[in-house]
Amino acid sequence: MIIDAHAHVWPDHIAAVVLATRPSGLDSHFDGTLTGLLTTMDAAGIDLSMALAVANKASTVMRTNEWIGQIPRDRLIPAGTVHPGLSPEENVASLRDNGIRAVKLHPLFQDVAFADPQVIDIMHALAADGVTVLTHVGSGGDAAANERGNPVALRALIDAVPTLRLVAFHYGGYHELDTAQELIVGAPVLLETSWPPSVATLDPQVVRDLIRRHGVDRVVFGTDWPMTDPAAEIAAIRALGLEPDEEAAILGGNLARLLGL
């Protein structure tokens, strides 16, 4: 089984507009719609994907979670959104009302800083409710956005909310891999494998050693769709030189276990 932990989706009428605002270097390969994701999954041989929705403003959290909560769940697992402009109770209620058990944080596009006391309060509430939190970590935006979500700030969040079920995207530090190796690799989080435009741009030995140092059972496959080609990302993981059981765990087994599939 292959499970993608990291696929962004938007309603059909806004997907193209949102993708047109992506930072330079994060050009999309696909259209960002649910239909586009399912078509890509079929072509790449992906069985399940976590479909991620992000609200940039507190005022859109409720309708974003309503939309992502209604996606077909035979192939897709919804990950909703939270925002520090709402109370912890309001954020949790929005997820519960829509049957959502995972959340995506994106410090580059939301006003979300890992070190913000309001964010930490929300994370405590999510941890108490057993919600899995998936987050971008590292660079990719302006200086302020990069500061909100860098590996140093993530480590502070991990220490502040040690019971949080957390998946750190991009090996815990997009374009900040040295800092991630120092502060995040080995920490009590799951690491995810995406690295747009492709994980194949990283040194395979560095990635292989990082995975084994963190623990193969705590690494999950992700693509950052629609910013990458999932078939190419699967091939890049298979080219790392891992053992067959390690490869199978990363491509789907570990996330299946986390999600209780």
Side-chain angles (χ1 to χ4, degrees), residues 1-8 37 40-41 44-52 73-80 100-105 126-127 130-138 151 154-155 157-158 161-174 177 180-181 183-196 198-200 202 204-225 228 230-261:
M1 174 180 285
I2 298 178
I3 308 176
D4 184 356
H6 190 172
H8 296 278
L37 174 57
T40 306
M41 289 168 60
I46 294 172
D47 298 285
L48 294 168
S49 288
M50 298 199 71
L52 316 182
R73 301 198 185 195
D74 56 333
R75 301 282 307 282
L76 303 174
I77 302 164
I100 298 170
R101 304 302 300 154
V103 159
K104 171 65 191 291
L105 295 182
L126 296 179
V131 174
T132 299
V133 175
L134 311 104
T135 186
H136 172 93
V137 191
L154 181 68
R155 182 69 213 211
L157 174 60
I158 293 167
V161 194
T163 58
L164 186 64
R165 290 168 32 134
L166 184 64
V167 181
F169 287 164
H170 313 306
Y171 301 101
Y174 188 51
L177 198 56
Q181 294 234 43
L183 296 177
I184 308 303
V185 173
V189 299
L190 272 71
L191 300 182
E192 178 263 2
T193 65
S194 69
W195 195 274
S198 175
V199 70
L202 294 174
Q205 182 172 336
V206 170
V207 176
R208 185 170 60 250
D209 292 348
L210 181 159
I211 288 171
R212 287 176 172 160
R213 185 156 65 90
H214 187 70
V216 172
D217 62 328
R218 297 193 297 133
V219 179
V220 299
F221 172 68
T223 65
D224 206 354
W225 190 90
T228 67
E233 297 310 284
I234 293 168
I237 295 299
R238 288 177 168 157
L240 290 175
L242 298 168
E243 296 296 327
D245 60 332
E246 295 175 322
E247 189 178 284
I250 290 168
L251 286 175
N254 292 337
L255 191 55
R257 185 181 67 252
L258 173 71
L259 298 174
L261 301 179

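- Under the side chain to side chain donor-acceptor pair (under 3.5 Å) criterion, His170 pairs with His136, Ser194, sequence neighbours left out.
- Put simply, the side chain of Arg75 never gets that close to the backbone of Leu48: no donor and acceptor are under 3.5 Å apart.
- Taking each heavy atom of Ile100 and Gly80 in turn, the nearest pair found is CG2-N, 3.4 Å.
- Among residues at least two apart or in separate chains, salt bridge (Lys or Arg N to Asp or Glu O under 4.0 Å) pairs with a member in residues 239-257 are Arg212-Glu246, Arg238-Glu247.
- The ring-ring contact (aromatic ring centres under 6.0 Å, His included) search around Phe169 returns His6, not counting sequence neighbours.
- Remark: the backbone N or O of Val167 is not paired with any side-chain donor or acceptor of Glu192 at under 3.5 angstrom.
- Across Glu233 and Val199, no two heavy atoms sit closer than the pair OE1-N, 3.0 Å.
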| query | Checking side chain to side chain contact (heavy atoms under 4.5 Å, CB included) for the pair Tyr171/Val207: CA distance, chi angles, key distance, verdict? | reply | CA-CA 9 Å; Tyr171 301 101; Val207 176; 3.4 Å; yes
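- In this structure, the separation between CD1 on Ile237 and CD1 on Ile211 is 5.5 Å, given to the nearest 0.5 Å.
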| task | Evaluate side chain to side chain donor-acceptor pair (under 3.5 Å) for Ser49 paired with Trp225, printing each intermediate quantity in order. | result | CA-CA 10 Å; Ser49 288; Trp225 190 90; over 6 Å; no
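- In this structure, Ser198 contributes its side chain and Ala200 its backbone to a donor-acceptor pair below 3.5 Å.
- Between Ala168 and Leu154, the shortest heavy-atom distance links the atoms CB-CD2, 3.9 Å.
- Across Ala249 and Val216, no two heavy atoms sit closer than the pair CB-CG1, 4.4 Å.
- Judged by distance alone, the side chain of Thr228 and the main-chain N or O of Thr223 form a donor-acceptor pair under 3.5 Å.
- The closest donor-acceptor contact from the side chain of Thr193 to the backbone of Gly222 lies under 3.5 Å.
- At least one donor-acceptor pair under 3.5 Å links the side chain of Asp47 to the backbone N or O of Ile2.
- The nearest pair of heavy atoms linking Val220 to Ala5 is CG2-CB, 4.1 Å.
- Arg218 is linked by a salt bridge (Lys or Arg N to Asp or Glu O under 4.0 Å) to nothing, counting only residues two or more places apart in sequence or in another chain.
- Put simply, the side chain of Met50 reaches to within 4.5 Å of the side chain of Leu134, judged on heavy atoms.
- Every residue two or more places apart in sequence or in another chain that forms a side chain to side chain donor-acceptor pair (under 3.5 Å) with Arg213 is listed here: Gln181.
- Although no hydrogens or angles enter the test, the distance criterion places a donor-acceptor pair under 3.5 Å between the side chain of Asn254 and the main chain of Val219.
- The salt bridge (Lys or Arg N to Asp or Glu O under 4.0 Å) search around Arg165 returns none, not counting sequence neighbours.
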